[in-house]
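Counting begins at 1 with the first residue of the sequence.
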Amino acid sequence: MMSITNVVFPFTVPSKERKIPLGRRMELAVIFSLAELIRDKGGGLISKKPAEEILFISKMYYPLWFVPWRRRTLIFDGFDLCSHTLSLDILPDTNMFIQEMKGSSDKLETYSAFLSHNLNYFESFSGKGQKVIKGLIMDHELMNDLFSLLHKSKRIRGKPGTGLLPLVMDHAAIEASMKEIKKFEKTLEDDIKRLKAITKILMKTTKRHINSIEVEIRRVERRSRIKIDNLMSRIAKKTERMRKSYDKLIIKLSEDADKKIQRLSGEDAKLKAEIEHLKNYIEECKNQILTAQEEKNEKQEEYWRQRLKSSKMRFLEIEKKLEEIGKKIEEVNSKRNFEISRLKSEYASKAEKYLMEVKRLEAARDAKIKMSREAAESLEDFTSKIIGQINMLIDARKLALKNLREMGYPAYKRKTILAYMPFFLVCYSRDLKKRYVSFPPSIANTMDGVSKIKRALRPYAVRSLLQEYSLPIANLLNRLVNSILQNPVLEDTILKICAKSNLLKQRSFREDVKAGLKDLAEEGWLSEEELENLTSRLKALS
């Protein structure tokens, strides 16, 4: 239950030059003067119109609520001309998302498919909602001006008097509006909590699956390592037996080749020894031929020439054999090397075949690990993108919550205040038609505050005595006047109120106005002629 303090705003606020507030008599006199000055006096050259008659002059009170809110103050229009629409971006269906997420979170495959399918689920809001808060004033200039008047208000008990506008937004309505605002705030808070809960569930579920994937990777690595180690052990034994077999073949091949080379090398050595002997014998033959020539022993010369010829032929024959033996040794060496190389290659090929199974196991292991890591990366990417979108929605909700909590005027009032803002409502009547004019709270000037040029150019300087305190407040009262003209029911209500509060029907009003007109004249706001005209008009209304 709100604790309520009643206050009433002043109708006039003295300017800096005036300092002293305008008295009640002068205030009433000014309103009467202004009401009379703007009254259509009728006439016209072609079709003469009758003059307007003042049906009533009423001092009215516009109700305004000042309600505490989050170390600030909300201002409500008690007559309910104003309202404010709270806009709310509608979230995607979070309950359905959570339900589907929980239903698919047990298995990696279904959870990954769920994330992929809902990758853009929170990309944007699903629509817009609105909530109209009746009576709430959010015009900043109007709030500033109303708070300025609140600082100048006086505390009262009960109501300020007659002329009260209907309190459309009563205490219960204000509490209902505050309840709606708090409900709106609770909705924003719950949305933020729900979105944060979704991010926590997403991160927790994704982390659980990634941990399972890492466990599976370690299991695959462990099993693969055991299989490969066992296979490598068997392969090592096979290759060792095969190596020994091939080593024996290579050794035998080398030994056979060495024997052939040794035999050929022996022949080579004998032939080389023989060729050295032939070289010496050929020289001896040449010497014997020379000796026989000196002795002119033709028979001996012929003998040694035959021996020389046969030795040279044998020399050439041995050289050819040595060349053939060299080629044979080279062929044996080449064949041995080729065969050894072939055996080694054959061994390496067979050993490689044994290792193919190892490579197959390693490839299968690597493929499984790659798939698992890609699955983990996909989960992280999907989760990160969805959480990024959710965080944007959370930021939007936080901003909306901040704006909601910063509504109203940045000043705190501990208690709820019901303020009555005075204004004057004048009704003119002509040919059954009515015209309404409102006079809003104003600043009371002095003659010194009004320029001499203005006073010289315009009669009735009293027009410049009052200066509207606030254009937004004047606009609010103009809206009231328009509403009266457009709404017959409201007009009937206002007429009934003003019939009771019509100042023209009060003897004290006429006496106060009469005295107030004299006070205005003394201050220079009215000339003697103007004073006489207005006084006469006042008597005519009696």
> Less than 6.0 Å separating the ring centroids of F439 and F11?
Replying inline: no
> Do S501 and T162 get their side chains close enough for a donor-acceptor pair, meaning under 3.5 Å?
Replying inline: no
>> Counting only heavy atoms not in R71 (residues, nucleotides, ligands), do more than 12 fall under 6.0 Å from its CZ?
In response: no
> Can E189 and R405 be counted as an ion pair, charged N to O under 4.0 angstrom?
Replying inline: yes
>> Other residues, nucleotides and ligands only: do more than 12 of their heavy atoms fall within 6.0 Å of NZ on K152?
In response: yes
> Rounded to the nearest 0.5 Å, how far does CD1 of I228 lie from CZ of R365?
Replying inline: 5.0 Å
> Just wondering, more than 12 heavy atoms not from H140 lying within 6.0 Å of its NE2?
Replying inline: no
>> I'd like to know if the side chain of Q389 reaches the main chain of L119, judged simply by a donor and an acceptor atom lying under 3.5 Å from each other, with no hydrogens or angles considered.
In response: yes
> Is it true that D492 and K496 make a salt bridge, defined as a side-chain N closer than 4.0 Å to a carboxylate O?
Replying inline: yes
>> Looking at every non-hydrogen atom in both residues, tell me the closest pair between L202 and Y111 and how far apart they are.
In response: O-OH, 3.3 Å
> In terms of side-chain heavy atoms, does T239 have a donor or acceptor partner in Y347 at a distance below 3.5 Å?
Replying inline: no
>> Run R342 and E339 through salt bridge (charged side-chain N to carboxylate O under 4.0 Å, His left out) and show every step you take.
In response: CA-CA 5 Å; R342 184 184 65 78; E339 287 297 322; 2.8 Å; yes
>> Can you tell me if M203 has over 12 outside heavy atoms packed within less than 6.0 Å of its CE?
In response: yes
> Would a 4.5 Å heavy-atom cut-off, applied to side chains only, mark W69 and I181 as touching?
Replying inline: yes
> Given F114, which of F382, F97, Y121 fulfils the ring-ring contact (aromatic ring centres under 6.0 Å, His included) condition?
Replying inline: F97
>> Donor-acceptor check, side chain of H209 to backbone of K204, threshold 3.5 angstrom: yes or no?
In response: no
>> As an exercise, state the distance from CG of N118 to NZ of K385, rounded to the nearest 0.5 Å.
In response: 12.0 Å
>> Does any part of the side chain of M407, heavy atoms only, come nearer than 4.5 Å to the side chain of R72, both counted from C-beta?
In response: no
>> On a heavy-atom basis, which atom in I137 and which in M143 lie closest, and how many Å separate them?
In response: O-SD, 3.6 Å
> When you measure from the side chain of N6 to the backbone N and O of G158, does any donor-acceptor pair fall under 3.5 Å?
Replying inline: yes
>> Does N482 form a side chain to side chain donor-acceptor pair (under 3.5 Å) with R479? I'd like the steps, not just the answer.
In response: CA-CA 5 Å; N482 291 334; R479 284 179 62 188; over 6 Å; no
>> Please check: side-chain N/O of S442 versus main-chain N/O of Y469, any donor-acceptor pairing under 3.5 Å?
In response: no
> Going by an N to O cut-off under 4.0 Å, is there a salt bridge joining D256 and K260?
Replying inline: no
> Are the side chains of N445 and R18 in touch, meaning some heavy atoms are under 4.5 Å apart?
Replying inline: no
>> Can you confirm whether P422 sits close enough to M60 that some side-chain heavy atom of one is under 4.5 Å from a side-chain heavy atom of the other?
In response: no
>> Do Y420 and S153 pair up side chain to side chain, a donor and an acceptor below 3.5 Å, judged on atom types alone?
In response: no
> Closest heavy-atom contact between P441 and L477?
Replying inline: CD-CD1, 4.2 Å
> Are the side chains of K59 and I31 in touch, meaning some heavy atoms are under 4.5 Å apart?
Replying inline: no
>> Surrounding CD of E221 (heavy atoms of other residues, nucleotides or ligands, distance under 6.0 Å), is the total greater than 12?
In response: yes
>> Quick check: closest heavy atoms across I217 and S372, and the distance to 0.1 Å?
In response: CG1-CB, 3.7 Å
> Does a donor on one side chain and an acceptor on the other come within less than 3.5 Å for N211 and R208?
Replying inline: no
> Are any of the side-chain heavy atoms of R70 and Y412 separated by less than 4.5 Å?
Replying inline: no
>> Consider side-chain contact (heavy atoms from CB on, under 4.5 Å). Of I443, V13, T12, which one does L22 pass it with?
In response: T12
>> Go through it in stages, so that I can follow the logic: the residues are E357 and R360, the test is salt bridge (charged side-chain N to carboxylate O under 4.0 Å, His left out), and I'd like the CA-CA distance, side-chain angles, deciding distance and then a yes or no.
In response: CA-CA 5 Å; E357 181 62 19; R360 188 188 67 77; 2.6 Å; yes
>> With a 4.0 Å cut-off on N to O distance, would you call R336 and E255 a salt bridge?
In response: no
> Can you check whether L86 reaches L404 side chain to side chain, under 4.5 Å on heavy atoms?
Replying inline: yes
>> Is it true that Y62 and D77 share a donor-acceptor pair across their side chains at a distance under 3.5 Å?
In response: yes
> Could you state the interatomic distance from CD (E267) to CD1 (I325), rounded to the nearest 0.5 Å?
Replying inline: 5.0 Å
>> Let me confirm one number: the NZ-OG1 distance from K102 to T205, rounded to the nearest 0.5 Å.
In response: 9.5 Å
> More than 12 foreign heavy atoms under 6.0 Å from CE of M96: is that the case here?
Replying inline: yes
>> For R373 and E214: C-alpha separation, side-chain torsions, deciding distance, then whether salt bridge (charged side-chain N to carboxylate O under 4.0 Å, His left out) applies.
In response: CA-CA 8 Å; R373 284 182 176 154; E214 290 173 351; over 6 Å; no
>> Between F66 and L146, is there a side-chain heavy-atom distance shorter than 4.5 Å?
In response: yes
>> Which residue in the set I484, L485, V489 passes side-chain contact (heavy atoms from CB on, under 4.5 Å) when paired with N487?
In response: V489
> Do the charged groups of E331 and K328 touch, with an N to O distance under 4.0 Å?
Replying inline: no
> Just by modelled atom types, is the N337 backbone N or O under 3.5 Å from a matching donor or acceptor in the S341 side chain?
Replying inline: no
> How far does CG of N475 sit from CD of E141, to the nearest 0.5 angstrom?
Replying inline: 9.5 Å
> Can you check whether K107's main-chain N or O pairs, donor with acceptor, with T110's side chain at less than 3.5 Å?
Replying inline: yes
> Could you give the distance from CG (L150) to NZ (K413), rounded to the nearest 0.5 Å?
Replying inline: 5.0 Å
>> Strictly below 4.0 Å, N to O, side chains only: are E240 and R243 in salt-bridge contact?
In response: yes
>> Ignoring hydrogens, what is the shortest heavy-atom contact between F76 and K134? Give both atom names and the distance.
In response: CD2-O, 3.6 Å
> Do S83 side-chain atoms and I133 backbone N/O form a donor-acceptor pair below 3.5 Å?
Replying inline: no
>> Can a donor-acceptor pair be found, under 3.5 Å and without considering hydrogens, that links the side chain of S349 to the backbone of S345?
In response: no
> Using 4.0 Å as the upper bound for N to carboxylate O, is an ion pair formed by R194 and D191?
Replying inline: yes
> Under 3.5 Å, is there a donor-acceptor pair between the side chain of S58 and the main chain of G163?
Replying inline: no
>> Which heavy atom of W65 sits nearest to which heavy atom of G78, and what is that distance?
In response: CD1-CA, 4.0 Å
> By side chain to side chain donor-acceptor pair (under 3.5 Å), which residues pair with Y246, not counting sequence neighbours?
Replying inline: E346, K350
>> More than 12 heavy atoms of other residues, nucleotides or ligands under 6.0 Å from CD of Q99: yes or no?
In response: no
> So T446 and E17, side chain to side chain donor-acceptor pair (under 3.5 Å) or not? Walk me through it.
Replying inline: CA-CA 7 Å; T446 62; E17 294 80 8; 5.2 Å; no
